[in-house]
Peer 1: 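Next up is a structure, given as structure tokens.
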Amino acid sequence: GGIRVMKSYRYLSMSMAFALISSALLASNVKSQECTDVWKNEQEGYELVLKNCSRSDTEVSCHMLVTSKGENREMTIRSRGTRIIGDFGKEYHISSIKSEIHVVKKRSDLKRMFFSDKPTSIVLSFTGVPNEVNKIAVFYINVRDETGGANHPFEIPDIPFCNNQNSAE
């Protein structure tokens, strides 16, 4: 009787290990899906895609693609109104906006030409975000379409950090 119990116990342990490994793999697949193309919005004339937001210590970086549709378009990513709200409700203002050829600091806008059907990478950075903040509750981005002459404020809820690299970890 004792040997049979051991075999069933070994089988049960192997089954549990398999289940744990399977659920861990499933969780890692879900996490990687959350961290690509978190949000997408197409306006008349252009498209914005939030690829992901990541953190390194107290800096949060949000990576976006901006694509003008059909024609070259002058647009401004405005620092005024662009901010994140952490999961504890505190607001953090933008510290820099970067594109392939431009870097602008706090309280400055990124105004540039976006070429037709060519996705342009933009990185919006926020500093001073404490390690206790686990995700972005709301990301506000303010875009001005200079060609079309309209402001477009966007509100993107519930954004996970893709690589939570807190110094505490």
Peer 1: What's the separation between atom NZ in Lys135 and atom CZ in Arg55, rounded to the nearest 0.5 Å?
Peer 2: 14.0 Å

Peer 1: Whether the Glu146 and Thr76 side chains hold a donor-acceptor pair (N or O, under 3.5 Å, no angle test) is what I'd like checked.
Peer 2: yes

Peer 1: Do other residues, nucleotides or ligands put more than 12 heavy atoms under 6.0 Å from the CD atom of Glu100?
Peer 2: yes

Peer 1: Answer whether the closest heavy-atom distance between the side chains of Lys118 and Thr67 falls below 4.5 Å.
Peer 2: no

Peer 1: Supply the atom-to-atom distance Thr58 OG1 to Asn131 CG, rounded to the nearest 0.5 angstrom.
Peer 2: 7.0 Å

Peer 1: Once you round to the nearest 0.5 Å, how far does CZ of Arg78 lie from CD1 of Ile141?
Peer 2: 12.0 Å

Peer 1: Quick check for you: to the nearest 0.5 Å, what is the distance between Glu155 atom CD and Asn142 atom CG?
Peer 2: 12.5 Å

Peer 1: Can we say Lys40 and Glu42 salt-bridge, meaning some charged N sits less than 4.0 Å from an Asp/Glu carboxylate O?
Peer 2: no

Peer 1: With rounding to the nearest 0.5 angstrom, report the CD to OH distance, Glu59 to Tyr92.
Peer 2: 14.0 Å

Peer 1: Is it the case that the ring center of Phe139 lies less than 6.0 angstrom away from the ring center of Trp39?
Peer 2: no

Peer 1: Evaluate side-chain contact (heavy atoms from CB on, under 4.5 Å) for Cys53 paired with Val38, printing each intermediate quantity in order.
Peer 2: CA-CA 9 Å; Cys53 291; Val38 174; over 6 Å; no

Peer 1: Looking at side-chain heavy atoms only, is the closest gap between Val143 and Ile77 below 4.5 Å?
Peer 2: yes

Peer 1: To the nearest 0.5 Å, what is the distance between CD1 on Ile84 and CD1 on Ile156?
Peer 2: 11.5 Å

